[in-house]
Number of protein chains: 2
Amino acid sequence: MAEKVTIATVARHARVSRQTVSNVLNAPHIVREETRLRVQDAISALGYRANQAARQMRTGRSRLIAARIEPTRDGINGSVLDRFLHGLTETADAAGYRVLLYTATDDEREIATYDDLLGTYELDAFVLVGTKYGDPRTAWLAGRDVPFVTFGRPWDALDAHPWVDVDGAAGTAQATRHLLASGHRRIAFIGWPLGSGVGDDRRAGWRDALRAAGVDPTGLHRETEDGIAEGERLMRDLLVSVAPTAVVCASDSLALGALQAIRGTDPPVSVIGFDDTPVAAAVGLASVSQPLGEAAARCVDLLTGVLDGNHETPTHVLLQPALALRHTA
Amino acid sequence: MAEKVTIATVARHARVSRQTVSNVLNAPHIVREETRLRVQDAISALGYRANQAARQMRTGRSRLIAARIEPTRDGINGSVLDRFLHGLTETADAAGYRVLLYTATDDEREIATYDDLLGTYELDAFVLVGTKYGDPRTAWLAGRDVPFVTFGRPWDALDAHPWVDVDGAAGTAQATRHLLASGHRRIAFIGWPLGSGVGDDRRAGWRDALRAAGVDPTGLHRETEDGIAEGERLMRDLLVSVAPTAVVCASDSLALGALQAIRGTDPPVSVIGFDDTPVAAAVGLASVSQPLGEAAARCVDLLTGVLDGNHETPTHVLLQPALALRHTA
DNA sequence: TATCCAGATTGGATCGTTCAAGATGGCGAG
DNA sequence: CTCGCCATCTTGAACGATCCAATCTGGATA
């Protein structure tokens with residue numbers, strides 16, 4: 001059985017002191033080149049790896065980032081989180097951090113989990129996906145000076161904390177302009193009830209694009225909770241009342257419902273969804289695609305900026321989505 | 001600024017020694033009732049939480065479990081992993097463990113990651129999703145006596161290590177029997193190339209169910225790599241050559257392809273997929289559903305059994321899937 | 001040759017917990 | 001009365017890293 005390799009083993013092997021080995025790892029510039037190489041050789045020869053627990057005990061930093069994994073609500077948009085988490089894990093790894101998962105069923109429990117994670121694991125930072133108006137979680141974290149980033153803007157106070165987001169309005173605007181360029185004029189919108197930041201933003205993109213083209217959006221939009229059945233219902237309503245030739249939706253779920261409602265229309269009504277989920281790709285639904293890997297990477301950038309004390313980095317990042325065209329548009 | 005609450009703070013507050021506090025936490029039975037309650041009170045009054053890094057340094061255990069998050073390959077079956085991970089996080093949490101994510105692009109790098117995670121974070125265990133014949137990862141882990149569980153049987157040696165799996169053959173058999181009961185006789189199967197444990201198992205379920213009903217399965221099956229386009233191609237081939245009235249598929253991707261191929265057939269060819277992904281639910285595809293939350297829970301059970309030294313627990317768990325009937329079958 | 005200085009290296013203390021061994025006190029048996 | 005035992009609690013050391021302050025080294029300068 002191999003002995004456990006500690007910093008002392010490396011020191012003996014390289015005939016230097018523990019502190020010199022530590023310096024090679026944490027402040028290489030203050031060690032003479034020759035010595036540094038000798039230590040490096042010893043490290044790789046012995047397969048030494050710094051023990052994180054010991055390091056953490058002294059420095060108070062765990063190099064751990066927490067992210068929440070949600071219980072796949074409707075399953076369709078769940079894959080967005082999945083892709084984001086993968087990107088997060090990959091980028092965090094490159095920056096020397098690891099991602100720890102947690103779950104929580106409500107805000108209160110989630111905050112209790114923060115407390116626990118901070119107390120027992122001394123987490124360095126949190127990544128929250130999605131926030132709402134007056135979110136108690138961000139308030140709690142900010143109140144304790146815990147570093148965190150949200151994927152999704154804090155709609156009530158843009159400067160409240162660092163965030164990364166995708167420009168939803170730009171996405172729906174791009175979708176709308178594509179439809180306008182294809183000759184459509186009566187372009188409807190199916191979205192979420194007023195008052196959700198994300199939903200209002202996506203609707204605004206559609207509305208502004210129509211107005212910019214001289215089309216009056218009045219009466220062309222409908223609102224509902226997210227879901228396939230809801231999308232289908234509203235689309236049928238739209239077909240009867242305003243007979244649109246195309247529709248932009250706030251989510252792929254709504255768009256899938258819309259697709260079912262327009263089956264058999266001639267000429268076919270064009271449909272564009274939002275999120276470019278695997279379902280959209282599978283059924284050929286055109287959709288606005290969010291750069292999730294990029295978003296995750298920028299979240300890590302912001303966090304490492306804060307954690308490594310570099311306060312010069314920007315704290316807000318707004319990314320542009322892309323339109324994934326398929327046969328429904 | 002509040003002082004950091006350590007075990008010494010609690011000890012002073014309860015007028016006992018550090019060790020007694022430690023005993024209250026780790027071996028309550030050796031502490032006198034009265035003392036124990038006094039310590040408990042101090043703990044909750046001060047909001048004390050044991051520092052994991054310090055504990056780990058002494059005990060060598062991190063209470064951390066690693067799981068791999070994959071780069072959503074075709075996106076459709078990716079959600080299976082997603083649901084599994086959520087279940088894992090939830091159950092691990094209840095057992096006092098946390099889930100750490102990692103990624104890797106190939107086996108060699110994955111093993112390097114194991115080495116790193118074990119060396120720097122002293123991970124307690126790994127959960128691997130899916131294994132293949134002669135998997136170098138499981139061999140590496142087993143060779144080092146690292147506790148791990150796989151979700152998916154090791155097809156070449158069932159006793160090699162603890163595993164949890166879903167009985168794929170039972171799932172396809174159930175699907176096939178449902179179709180037989182609906183009056184179908186020429187029930188085809190679209191699966192993966194021979195030699196993959198999972199694929200062969202799912203095909204066997206279909207074949208045996210047909211034979212049990214006195215139907216000769218010869219010529220009724222096709223094999224291909226996973227994918228929508230592949231499923232469509234093979235279904236067209238089947239329609240031309242053997243004109244099946246129903247088809248069971250080894251995955252939802254293949255089934256979606258099959259759905260496209262049969263569009264317009266009359267009477268409609270029945271299709272049943274596998275995995276019950278969100279896509280299947282969205283398009284109304286009947287599918288075999290795996291109990292992923294349950295599978296994750298049993299993985300945690302097996303691990304804690306090994307980690308807490310209870311070698312009496314069974315090391316293999318085979319769960320039964322359920323058939324999610326929708327309008328395609 | 002003595003002095004100084006900057007840079008490299010060293011030993012000791014420390015983080016918060018658990019382990020191993022020792023101290024205390026009460027009680028019953030010899 | 002003394003001894004030993006058990007239950008309970010306390011003390012010192014250790015885990016493996018980093019921080020801090022002190023010491024060493026070699027070359028330049030007086």
Side-chain angles (χ1 to χ4, degrees), chain A residues 2-40 42-43 46-64 96 116 118-124 308, chain B residues 2-40 42-43 46-64 96 116 118-124 308:
Chain A
E3 293 286 311
K4 196 175 278 186
V5 179
T6 77
I7 208 170
T9 322
V10 176
R12 265 198 309 279
H13 195 271
R15 283 160 299 132
V16 294
S17 67
R18 298 186 315 260
Q19 179 62 19
T20 300
V21 178
S22 177
N23 285 337
V24 168
L25 295 172
N26 303 304
H29 59 279
I30 69 167
V31 180
R32 188 167 21 131
E33 170 99 7
E34 180 206 324
T35 314
R36 211 188 65 230
L37 292 175
R38 201 167 73 236
V39 173
Q40 294 280 21
I43 287 177
L46 296 166
Y48 167 75
R49 293 189 138 81
N51 180 304
Q52 174 55 32
R55 171 175 285 176
Q56 176 180 344
M57 182 135 63
R58 194 71 194 129
T59 64
R61 294 185 45 179
S62 61
R63 303 202 76 82
L64 244 36
D116 187 44
L118 289 170
T120 67
Y121 287 90
E122 297 179 285
L123 264 97
D124 286 347
D308 300 344
Chain B
E3 294 286 311
K4 194 175 279 184
V5 179
T6 76
I7 210 170
T9 321
V10 176
R12 267 198 308 279
H13 196 271
R15 283 162 298 134
V16 294
S17 67
R18 297 183 316 256
Q19 183 59 30
T20 300
V21 178
S22 177
N23 285 337
V24 168
L25 295 172
N26 303 305
H29 58 279
I30 69 167
V31 180
R32 189 169 21 132
E33 171 100 7
E34 180 206 323
T35 315
R36 211 188 65 231
L37 292 175
R38 202 167 71 235
V39 172
Q40 295 279 21
I43 287 177
L46 296 165
Y48 167 76
R49 293 187 137 80
N51 180 304
Q52 176 55 32
R55 172 174 283 177
Q56 176 180 344
M57 183 134 81
R58 200 72 186 98
T59 63
R61 294 186 45 181
S62 60
R63 303 202 76 82
L64 244 36
D116 187 44
L118 289 170
T120 66
Y121 287 90
E122 297 180 284
L123 263 97
D124 285 348
D308 299 343

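Every chain is numbered from 1, with letters handed out A, B, ... down the list of sequences. Here the structure is a predicted model, which means the values were calculated and not measured.
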Student: Any protein N or O atoms within reach of nucleotides 6-8 of chain C? Criterion: under 3.5 Å, listing atom names and distances.
Tutor:
unit_1: C:dA8; atom_1: OP2; unit_2: A:Ile30; atom_2: O; d: 3.0

Student: Which residues pass the salt bridge (Lys or Arg N to Asp or Glu O under 4.0 Å) test with A:Arg49, not counting sequence neighbours?
Tutor: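 Checked A:Arg49 against salt bridge (Lys or Arg N to Asp or Glu O under 4.0 Å); matches are B:Asp115, B:Asp116.
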Student: What pairs with A:Gln40 under side-chain hydrogen bond (donor to acceptor under 3.5 Å, both in side chains), at least two apart in sequence or on another chain?
Tutor: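 With sequence neighbours excluded, A:Gln40 shows a side-chain hydrogen bond (donor to acceptor under 3.5 Å, both in side chains) to no residue whatsoever.
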Student: The criterion is side-chain contact (heavy atoms from CB on, under 4.5 Å); which residues satisfy it with A:Asn51, sequence neighbours excluded?
Tutor: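 For A:Asn51 the side-chain contact (heavy atoms from CB on, under 4.5 Å) partners, ignoring immediate neighbours, are A:Ala53, A:Ala54, B:Glu122.
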Student: Can you name the residues that form a side-chain contact (heavy atoms from CB on, under 4.5 Å) with A:Thr9, not counting sequence neighbours?
Tutor: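 Checked A:Thr9 against side-chain contact (heavy atoms from CB on, under 4.5 Å); matches are A:Val5, A:Thr6, A:Arg12, A:Leu46.
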Student: Under the side-chain contact (heavy atoms from CB on, under 4.5 Å) rule, collect the residues that match up with B:Leu37, sequence neighbours excluded.
Tutor: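 Once residues adjacent in sequence are excluded, the partners of B:Leu37 under the side-chain contact (heavy atoms from CB on, under 4.5 Å) criterion are B:Glu33.
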Student: Using the heavy-atom set of chain B and a strict 4.0 Å cut-off, write down the first and last nucleotide of DNA chain D that makes it in, 5' to 3'.
Tutor: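 Under 4.0 Å from chain B, the extent on DNA chain D is D:dT8 to D:dG16.
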Student: Among all residues two or more places apart in sequence or in another chain, which pass the side-chain hydrogen bond (donor to acceptor under 3.5 Å, both in side chains) test with A:Ser22?
Tutor: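 A:Ser22 satisfies side-chain hydrogen bond (donor to acceptor under 3.5 Å, both in side chains) with A:Asn26 once adjacent residues are dropped.
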Student: Roughly what angle, to 10°, lies between the helix axis at the start of the helix from C:dT1-D:dA30 to C:dG30-D:dC1 and the one at its end, five pairs per end?
Tutor: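 Roughly 70° between the end axes, to the nearest 10°.
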Student: Who pairs with B:Arg15 by side-chain contact (heavy atoms from CB on, under 4.5 Å), at least two apart in sequence or on another chain?
Tutor: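 B:Arg15: side-chain contact (heavy atoms from CB on, under 4.5 Å) contacts with B:Arg38.
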Student: Between atom CD1 of B:Ile30 and atom CZ of B:Arg36, what is the distance when rounded to the nearest 0.5 Å?
Tutor: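 Going from CD1 on B:Ile30 over to CZ on B:Arg36, the span is 12.0 Å.
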Student: For nucleotides 15-22 of chain C, just jot down a letter per nucleotide in 5' to 3' order: B, S or -, based on protein non-hydrogen atoms under 4.0 Å.
Tutor: BBBBBB--
Student: With no hydrogens and no angle check, is any side-chain donor or acceptor of A:Gln56 less than 3.5 Å from a backbone partner on A:Tyr121?
Tutor: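 The answer is yes, because a donor-acceptor pair under 3.5 Å joins these two groups.
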Student: For C:dT10 and A:Thr20 - does any side-chain N or O of the residue sit under 4.0 Å from the phosphate oxygens OP1/OP2?
Tutor: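 Affirmative; the distance criterion is met.
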Student: Is any side-chain heavy atom of B:Val10 closer than 4.5 Å to one of B:Val24?
Tutor: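 Not touching, per the 4.5 Å side-chain cut-off.
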Student: Which residues pass the side-chain hydrogen bond (donor to acceptor under 3.5 Å, both in side chains) test with B:Arg32, sequence neighbours left out?
Tutor: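 So B:Arg32 forms a side-chain hydrogen bond (donor to acceptor under 3.5 Å, both in side chains) with B:Glu34.
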Student: Taking side chain as C-beta onward, heavy atoms only, is B:Val31 less than 4.5 Å from B:Val16?
Tutor: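 Result no, sub-4.5 Å side-chain heavy-atom pair not found.
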